[in-house]
Participant: 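Quick one: the structure is below, and I'll ask about it shortly.
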Amino acid sequence: MKNIHYLLLYFLITSCVSNKTNKPTSLTHGDRSIIDYLFCDFEEDGPGASVLVIKKGEIVHEANYGVANIESHQPITSNTNFRIASVTKQFTAMAIMILEHQGKLSFETKLTEIFPDFPDYGKDINIRHLLSNQSGIVDYYGFIDEERKEQYLDAEILDSLYNVDSTYFFPGTQYQYSNTGYAVLSQVIEKVSGLSFAGFMQKEIFEKIGMNNTQVFELDK
């Protein structure tokens, strides 16, 4: 049922955003009640979420549910930062496109051209394969320590691939969603740009388009 709830929320928001006949206004009481119902599982003292509805560039509704920190019971507000998980891949792809536009790499650049010591199978993997999830590169979950509790760093993922001698399939012949591929792309960005991934994002994307409340979360390497 939760998937249906989110689908209903999607239609509610897109309907509000796409309506071109009415001027921006607040949501009706009924609409607000529907949103509250969809998020009723988020307890006041548990992890929650923020909801924002925008119509024709105007905020018509915002609401917050649950807490941002369970230990301190700090409530979620409209200014709470959330980790966006794999939505980060869009920014990683944008960064690669910026480097391509700057002439620092091409979509046909091979992995071994960037990392000369990379295993031979890297000769068949280019940037386009990594971007489009067609590299066949091995999922890093297959070779991490099951007892490990710390976050696995992108640099460690790249290093681990030096101990792998093959791919799931020949690059460019199949599609398979790959977290590993995008971890490698983050290291490509660092190697080619000479900046940290966070530094590149801040300089080339966040600052330039006014994303003043967005940052890359970094762990110590």
Side-chain angles (χ1 to χ4, degrees), residues 81-146 148-221:
N81 275 27
F82 289 85
R83 294 186 69 175
I84 60 174
S86 284
V87 178
T88 304
K89 289 182 173 66
Q90 300 177 47
F91 292 89
T92 302
M94 182 64 181
I96 291 293
M97 294 174 70
I98 290 171
L99 290 172
E100 192 274 340
H101 181 72
Q102 293 174 346
K104 295 181 178 179
L105 54 70
S106 80
F107 297 130
E108 310 310 319
T109 299
K110 299 293 198 301
L111 203 48
T112 48
E113 294 179 56
I114 299 171
F115 304 110
D117 296 332
F118 198 85
D120 285 344
Y121 68 88
K123 295 177 181 178
D124 299 314
I125 300 174
N126 62 33
I127 297 299
R128 191 184 303 278
H129 293 145
L130 293 168
L131 285 172
S132 59
N133 291 307
Q134 297 184 81
S135 68
I137 209 162
V138 174
D139 190 334
Y140 70 85
Y141 284 111
F143 48 76
I144 64 175
D145 182 358
E146 293 183 359
R148 177 171 174 149
K149 296 181 180 179
E150 297 82 11
Q151 179 82 34
Y152 212 50
L153 303 179
D154 291 345
E156 293 180 280
I157 294 173
L158 177 63
D159 288 343
S160 296
L161 291 173
Y162 281 73
N163 298 317
V164 178
D165 60 8
S166 62
T167 55
Y168 289 134
F169 50 81
F170 190 80
T173 63
Q174 297 183 46
Y175 170 88
Q176 180 169 310
Y177 186 83
S178 177
N179 288 309
T180 306
Y182 271 78
V184 171
L185 284 172
S186 80
Q187 298 306 287
V188 169
I189 293 165
E190 293 195 348
K191 179 71 178 293
V192 173
S193 71
L195 299 172
S196 68
F197 181 77
F200 188 91
M201 291 291 167
Q202 184 64 35
K203 177 184 177 182
E204 298 291 346
I205 298 180
F206 301 155
E207 289 182 1
K208 291 187 176 181
I209 61 177
M211 296 182 67
N212 301 319
N213 198 34
T214 304
Q215 62 184 2
V216 174
F217 178 72
E218 288 188 296
L219 294 173
D220 293 333
K221 296 183 178 181

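Keep in mind that this is a model prediction, so the values were computed, not measured.
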Participant: How many angstroms lie between CZ in Phe115 and CG in Asp117, if you round to the nearest 0.5 Å?
Facilitator: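 Phe115 atom CZ to Asp117 atom CG measures 10.5 Å (nearest 0.5 Å).
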
Participant: Please determine whether the number of non-hydrogen atoms from other residues, nucleotides or ligands lying under 6.0 Å from atom NZ of Lys123 exceeds 12.
Facilitator: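 It does not: Lys123 NZ has 12 such atoms or fewer within range.
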
Participant: Measuring only between side-chain heavy atoms, which start at C-beta, is Glu150 closer than 4.5 Å to Glu156?
Facilitator: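 Counting from C-beta outward, Glu150 and Glu156 never come under 4.5 Å.
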
Participant: Please examine the side chains of Ile137 and Val164, heavy atoms only from C-beta on, and report whether any two atoms are closer than 4.5 Å.
Facilitator: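 When only atoms from C-beta onward are counted, Ile137 and Val164 do not touch, as no gap falls below 4.5 Å.
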
Participant: Answer yes or no: is there a side-chain heavy-atom contact under 4.5 Å between Phe91 and Ile205?
Facilitator: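 They are in side-chain contact.
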
Participant: Drop me the distance from Glu204's CD to Met97's CE, to the nearest 0.5 angstrom.
Facilitator: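 Between atom CD of Glu204 and atom CE of Met97 there are 14.0 Å.
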
Participant: Does atom OH of Tyr141 have more than 12 heavy-atom neighbours, drawn from other residues, nucleotides or ligands, at distances under 6.0 Å?
Facilitator: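 Open: at most 12 neighbouring heavy atoms sit under 6.0 Å from OH of Tyr141.
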
Participant: Say you draw a straight line from OG1 of Thr214 to CE of Met201; how long is it, rounded to the nearest 0.5 Å?
Facilitator: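 One finds 11.5 Å between OG1 of Thr214 and CE of Met201.
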
Participant: Taking everything shown except Met211 itself, do over 12 heavy atoms lie less than 6.0 Å from its CE?
Facilitator: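 Buried by this count: over 12 neighbours within 6.0 Å.
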
Participant: Closest approach of Ile189 and Ala95, non-hydrogen atoms and distance?
Facilitator: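 Looking at all heavy atoms of both residues, the closest pair is CD1-CB, 3.5 Å.
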
Participant: Checking Asn213 against Asn81: is there a side-chain donor and acceptor pair closer than 3.5 Å?
Facilitator: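 On atom types as modelled, these side chains qualify, holding a pair under 3.5 Å.
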
Participant: I need the minimum non-hydrogen distance between Gly122 and Lys110, along with the two atoms involved.
Facilitator: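 Nearest pair, atom of Gly122 first, then Lys110: O-CB, 4.2 Å.
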
Participant: One pair to check against side chain to side chain contact (heavy atoms under 4.5 Å, CB included): Thr167 and Ser135. What are the steps and the verdict?
Facilitator: CA-CA 8 Å; Thr167 55; Ser135 68; over 6 Å; no

Participant: Can a donor-acceptor pair be found, under 3.5 Å and without considering hydrogens, that links the side chain of Glu190 to the backbone of Phe197?
Facilitator: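 Yes.
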
Participant: Provide the closest heavy-atom pair for Ser160 versus Tyr152 in the form atom of the first, atom of the second, distance.
Facilitator: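 So the minimum-distance heavy-atom pair works out to OG-OH, 2.8 Å.
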
Participant: Find out whether Tyr168 and Gln174 are in side-chain contact, i.e. whether some heavy atom of one side chain is under 4.5 Å from a heavy atom of the other.
Facilitator: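 A side-chain contact under 4.5 Å is absent here.
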
Participant: Do you know the tightest heavy-atom contact between Tyr121 and Asp165?
Facilitator: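 It is CD2-C, 3.7 Å.
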
Participant: Using atom types as modelled and distance alone, determine if a side-chain donor or acceptor of Thr180 lies under 3.5 Å from a backbone N or O of Val138.
Facilitator: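 Flag set: sc Thr180 to bb Val138 pair under 3.5 Å.
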
Participant: Do the side chains of Phe200 and Val192 get nearer than 4.5 Å, heavy atoms only?
Facilitator: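 SC-SC contact between Val192 and Phe200 ruled out.
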
Participant: Work out which heavy atom in Lys89 is nearest to a heavy atom in Ser178; give both atom names and the distance.
Facilitator: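 So the two residues come closest at CE-O, 4.0 Å.
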
Participant: So how far is it from Ser106 OG to Glu113 CD, rounded to the nearest 0.5 Å?
Facilitator: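 Going from OG on Ser106 over to CD on Glu113, the span is 7.0 Å.
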
Participant: Is the shortest side-chain heavy-atom distance between Leu158 and Phe118 below 4.5 Å?
Facilitator: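 Yes; the side chains approach each other to less than 4.5 Å.
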
Participant: Could you check if a side-chain atom of Phe107 sits within less than 4.5 angstrom of a side-chain atom of Asn126, using non-hydrogen atoms only?
Facilitator: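 Side-chain contact under 4.5 Å: no.
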
Participant: Near Arg83 CZ, under 6.0 Å, is it more than 12 heavy atoms from other residues, nucleotides or ligands?
Facilitator: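 For Arg83, atom CZ is not crowded (no more than 12 foreign heavy atoms under 6.0 Å).
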
Participant: If you round to the nearest 0.5 Å, how far is CD of Gln187 from CG of Leu161?
Facilitator: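 Taking CG in Leu161 and CD in Gln187, the distance rounds to 10.5 Å.
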
Participant: Which atoms form the tightest heavy-atom contact between Asn179 and Ser86, and what is the distance?
Facilitator: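 Reported closest heavy-atom pair: OD1-OG, 3.8 Å.
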
Participant: How long is the span from the CD1 atom in Ile127 to the CG atom in Leu111, to the nearest 0.5 Å?
Facilitator: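 Output value for this atom pair is 6.5 Å.
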
Participant: I'd like to know if Glu207 and Lys203 make a salt bridge, using a cut-off of under 4.0 Å between side-chain N and carboxylate O.
Facilitator: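 Between Lys203 and Glu207 there is no salt bridge, as every charged N stays at least 4.0 Å from the carboxylate O atoms.
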
Participant: Main chain of Ile114, side chain of Lys191: is a donor-acceptor contact present, judged purely on distance under 3.5 Å?
Facilitator: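 Checking the backbone N and O of Ile114 against the side chain of Lys191, a donor-acceptor pair under 3.5 Å is found.
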
Participant: With a 4.5 Å cut-off on side-chain heavy atoms, are Tyr182 and Asp154 touching?
Facilitator: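 A side-chain contact is absent here, since even the closest heavy-atom pair is not under 4.5 Å.
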
